[in-house]
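Here's the structure, in structure tokens; my notes come after.
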Amino acid sequence: MAEEKTFYITTPIYYPSNKLHVGNSYTTVAADAIARFKRLTGYRVWFLTGTDEHGQKIQLQAEAAGKEPRAFVDEIVAWIKELWDELDIDYDDFIRTTETRHKEKVAKIFTRFYEQGDIYKDKYEGWYCTPCEAYWTERQLVDCKCPDCEREVELIAEEAYFFRMSKYAQRLIDHIEANPDFIQPPSRKNEMINNFLKPGLEDLCVSRTSFDWGIPVPFDQDHVIYVWLDALSNYITALGYGEKGSIYETFWPADVQLIGKDILRFHTIYWPIFLMALDQPLPKTVFGHGWLMLQEGKMSKSKENAIDPRVLADRYSSDALRYFLLREIPFGQDGIFSLENFITRINTDLANDLGNLVSRTLTMAERYFDGVLPEPSAADGNTDQELCSLALETPATVEAYTDQLKISDALSELWKLVKRSNKYIDENSPWDLAKDPDNEDRLGTIIYNLIESIRFIAVMLQPFMPRTPERIWVQLGISDDHELQQWSSLARWGAVKPGTVVSRGDDLFPRLNMQAEIREMQGDKPADKDTEGVAEEDMQEGLISLDQFQQVDLRVAEIVAVEKIPKADKLLKVEVVLGDSDKRQVVAGIAEHYQPDELVGKHVLFVSNLKPVKLRGVLSQGMLLAATAEGNRLALTTVDRDMPSGSRIS
Ligand code: MSP
């Protein structure tokens, strides 16, 4: 019997200190896509996620909320589980570090370390960063702050247990050098070796006494086990480590442990050393992905600007959010999350490319063949061959990229097939062929090929966007044919049966109005559905909708400096400020009407979102509004009360 292929993948376990933001969801969505991909390609998969519930940070936050720590985390854990349901995270197990199955094993692990001499008791004096739950030496601090999160650290002096890290340091360096896949992407490996291992590993403090929300040290109840030792162990306790016949034997060592780059040190130094001390194999790959940032900086669960993934999934669908997260940022690098980027992806990749392909094809199948899939005839010309070859090659490329954890590249390969299929429509102009009944065979072949290509795309899409394929299969009339949804069905072109009844459904991803979305998501006035579309007769009469008017960003600008522009009699260069930090210059055609000096200090109406242009070689970044009348009369428009510069005009 062929040996079963197994695959174990983990995410970090999240602190249930607050609701998660879209950055945290990023890791879990990626892990889920990989897990689904491995299941689809025939692996027995175990996908673990969970929550890291002990420690000083949680205890303090619970106190601040006036709750017992357990009640405090229960609520957030319930929210996190709902989030994962909403994002279609199909985990096999969810571990909470407050569960008995975990606590008992961690206590045993700690005792074993102590008994075998890896842990000893001493006194800790040094710095502690509670948000990171990390110890730092004076030398490691940057400007007296935590080098990781740049927040305040606290000086602590406690009796504590220490783990002899140094004993294992050389073994770990050797392992990292001999196993290039162990730390991924490769750039992160040098950082660990040069910054932490080579300078010499200090023994790690692994217990605390100044609070009690943790797993007690079994033989010294004044101490609780350091939250990172507790948390890291989850990856094995959840599998039943230490229990005979548990799935630990099937799945450990992990194939991929996904984490954010900020917690690499814990996962590539402490974690492997704990495993070495337990005499267990190390994970095959620890992958430290980059950070999702906002344009204005870091995301944080406690910051107001954090973006709530549930709101995004509710509004735009979890598939769209998953697609964006997986496609937008090369996995491993940092990237920007902005609503503009997100909407652009939806409109281009999902609505224009994928959505249009499906709707155009199904419309033609209905129009030309009454929705009954025609029999294809022999391939005719290069375009058929190219489409079919690309479809047959794509699964292997997508698989190779996913295996290398290059998920964005995998999706971009898949989109090559989407785009090639759209191009195939344009190249063959079915609407022209349809004019002549003699072309029926050729037209039938084209429709057949498109349906088959869409089927290929839908099969490959499953791990990344779990809901969309089903919607496509319904349209293709194959939602009950599970064979045609399998990865193995992609080995052969032409598996979908002629005669299948297809039917066009709703658009998969309707195009969104960027301005309206931004306005609504930023909590401004909701888009007025009645005035969103401009009726044709209104356009003819020169009327615009409120929506169109609101696209103009009008502000109060204060004029702070004015200069003549050499050799331009009518123009002045005017410097204005809009609030404290926005300074602009504009070229205004008002030199015949105003002297530079009389303008300074005026508060005028200003169009602030005009594309910048150069006039007579001078940059102009907006427009001053003025009234004009016959007889070359002109007056700048101002506000009739004192208003701060930057005020919005609506
Ligand atoms: N509890 C620890 C992990 C213990 S694992 C044994 C922890 N929790 S966390 O909730 O603070 O962070 C969890 C994960 O979210 C980390 O991998 C972190 O890198 C990731 N992210 C936090 N903010 C992020 C972004 N803005 N972008 C991407 N990932 C981010 O650390």
Side-chain angles (χ1 to χ4, degrees), residues 9-31 48-58 61 73 76-77 79-80 83-84 89 94-98 102 106 109 129-134 146 148-151 188 213-215 225-238 254 256-272 274-275 283 286-303 305-309 321 324-326 328-338 407:
I9 183 164
T10 65
T11 71
I13 49 171
Y14 298 92
Y15 291 126
S17 54
N18 217 323
K19 291 175 179 174
L20 302 188
H21 54 62
V22 70
N24 307 117
S25 315
Y26 179 57
T27 326
T28 309
V29 165
L48 175 71
T49 188
T51 39
D52 183 359
E53 305 188 6
H54 292 127
Q56 188 171 11
K57 165 160 129 169
I58 301 278
Q61 295 210 331
V73 294
I76 299 174
V77 171
W79 186 93
I80 293 176
L83 167 66
W84 297 153
I89 305 298
F94 187 107
I95 179 117
R96 300 183 57 176
T97 53
T98 46
H102 172 76
V106 173
I109 290 172
C129 172
T130 310
C132 295
E133 299 281 15
C146 170
D148 275 356
C149 73
E150 297 163 17
R151 282 180 276 209
R188 311 239 188 261
W213 180 237
I215 304 174
I225 296 173
Y226 175 41
V227 66
W228 272 100
L229 197 166
D230 164 353
L232 288 162
S233 310
N234 92 88
Y235 302 126
I236 57 175
T237 61
V256 176
Q257 299 211 261
L258 281 189
I259 54 165
K261 61 181 183 179
D262 54 314
I263 53 173
L264 208 69
R265 182 167 54 103
F266 300 97
H267 283 81
T268 58
I269 298 180
Y270 303 159
W271 176 226
F274 294 150
L275 285 166
V286 176
F287 188 97
H289 65 68
W291 270 52
L292 211 57
M293 311 285 284
L294 297 174
Q295 248 137 5
E296 50 282 20
K298 268 190 180 176
M299 264 177 216
S300 125
K301 288 184 215 163
S302 53
K303 271 191 196 169
N305 63 11
I307 294 187
D308 185 338
L321 181 59
F324 174 80
L325 293 174
L326 297 171
E328 181 79 1
I329 304 144
F331 203 51
Q333 296 174 21
D334 289 346
I336 298 279
F337 180 90
S338 74
I407 308 175

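It should be emphasised that the depicted structure is a prediction, and the values quoted were computed from it without experimental measurement. These values consider heavy atoms only, across backbone and side chains, with no hydrogens, waters or symmetry-generated copies. First listed ligand is number 1; within each ligand, the first listed atom is number 1. The first residue of the sequence shown is numbered 1, and numbering continues consecutively from there.
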Keeping W213 on the side-chain end and E53 on the backbone end, is there a donor-acceptor pair under 3.5 Å? yes
Among the heavy atoms of M293, does any lie under 4.0 Å from an atom of ligand 1? no
Y235 neighbourhood, listing ligand 1 atoms whose heavy-atom distance to it stays under 4.0 Å: 5 (S), 6 (C)
Contacting atoms of ligand 1, where contact means under 4.0 angstrom from a heavy atom of H267: 5 (S), 6 (C)
Ignoring hydrogens and angles, tell me if any N or O in the side chain of D334 forms a donor-acceptor pair with the backbone of W291 under 3.5 Å. yes
Does K57 offer a backbone N or O that forms a donor-acceptor pair with the side chain of E133 under 3.5 Å? yes
Output the list of atoms in ligand 1 that are nearer than 4.0 Å to some heavy atom of I263, sorted by atom number. 3 (C), 16 (C), 17 (O), 31 (O)
Element-labelled atoms of ligand 1 that are located less than 4.0 Å from some non-hydrogen atom of H21: 23 (N), 24 (C), 25 (C), 26 (N)
Quick one: which ligand 1 atoms are inside 4.0 Å of a heavy atom on L292? 25 (C), 26 (N), 27 (N), 28 (C)
Taking only non-hydrogen atoms of A231 and a 4.0 Å limit, the atoms of ligand 1 in range are 6 (C)
Pairing residues for T11 by the side-chain hydrogen bond (donor to acceptor under 3.5 Å, both in side chains) criterion, not counting sequence neighbours: T49
Any nitrogen or oxygen of G290, side chain or backbone, less than 3.5 Å from one on ligand 1? no
Between H54 (side chain) and A231 (backbone), is there a donor-acceptor pair under 3.5 Å? no
Side-chain donor/acceptor of Y14 to backbone N/O of L20, under 3.5 Å: no
Do N24 and ligand 1 have an N or O pair less than 3.5 Å apart? yes
Counting only N and O atoms by type, is there a donor-acceptor contact under 3.5 Å from the side chain of R188 to the main-chain atoms of V286? no
Please identify which atoms of ligand 1 are closer than 4.0 Å to at least one heavy atom of G260. 17 (O), 19 (O)
Aromatic plane relationship, Y270 with F266 - under 30° parallel, 30 to 60° tilted, over 60° perpendicular: perpendicular
Contact between ligand 1 and F266 is defined here as a heavy atom of the residue under 4.0 Å from a ligand atom; is it met? no
So the atoms of ligand 1 within less than 4.0 Å of a heavy atom of D52 turn out to be 1 (N), 2 (C), 4 (C)
Might you work through the ring-ring contact (aromatic ring centres under 6.0 Å, His included) test for F337 and Y26, ending with a clear yes or no? CA-CA 11 Å; F337 180 90; Y26 179 57; over 10 Å; no
Would you say ligand 1 has an N or O under 3.5 Å from any N or O of Y15? yes
